[in-house]
**Q** 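To start, I am sharing the structure in question, which I have written as structure tokens.
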Amino acid sequence: MPQWLCNQLMRAFLKKDRRQIRLLNDCWYFYRTSQGQGDDSVTL
């Protein structure tokens, strides 16, 4: 996961901004599927 996305997710979690968390989560899954990494394993 890119560092900028980690930072934004952390900020959204700290603010408890559910809309932003959902948006960033959707962006992450879209990015992963477009990169051909279809498995659902999480690597942090």
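Quick note: residue numbers are just sequence positions, from 1. In this text, all values refer to a predicted model and were calculated from it rather than measured experimentally. Excluded from the calculations below are hydrogen atoms, water molecules and symmetry mates; all remaining heavy atoms, backbone and side chain alike, are included.
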**Q** Start with the C-alpha gap between Arg11 and Asp17, add the side-chain angles, then the distance that decides, and say whether side-chain contact (heavy atoms from CB on, under 4.5 Å) holds.
**A** CA-CA 9 Å; Arg11 202 171 302 129; Asp17 186 351; over 6 Å; no
**Q** Determine whether Tyr31 and Trp4 fall in the same hydrophobic cluster, where Ile, Leu, Val, Met, Phe, Trp and Tyr are linked whenever their side-chain heavy atoms lie under 4.5 Å apart.
**A** yes
**Q** Nearest 0.5 Å please: distance from the CG atom of Leu24 over to the CZ atom of Arg22.
**A**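 With rounding to 0.5 Å, CG (Leu24) is 12.5 Å from CZ (Arg22).
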**Q** Roughly how far apart are Met1 CE and Asn7 CG, rounded to 0.5 Å?
**A** 11.0 Å
**Q** Are Trp28 and Cys6 packed together at the side-chain level, in the sense that at least one heavy-atom pair is separated by less than 4.5 angstrom?
**A**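 They are not in contact (no side-chain heavy atoms under 4.5 Å apart), so the answer is no.
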**Q** Going from NZ on Lys16 to CD on Gln20, what distance comes out if it is rounded to the nearest 0.5 angstrom?
**A** 15.5 Å
**Q** So, taking the atom named NZ in Lys15 and the one named CE in Met10, what distance separates them when rounded to the nearest 0.5 Å?
**A**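 So the NZ of Lys15 and the CE of Met10 are separated by 14.0 Å.
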**Q** Please tell me whether Tyr29 and Leu23 are part of a single hydrophobic cluster in this structure, the criterion being side-chain heavy atoms less than 4.5 Å apart.
**A**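 No; Leu23 is not reachable from Tyr29 via cluster members.
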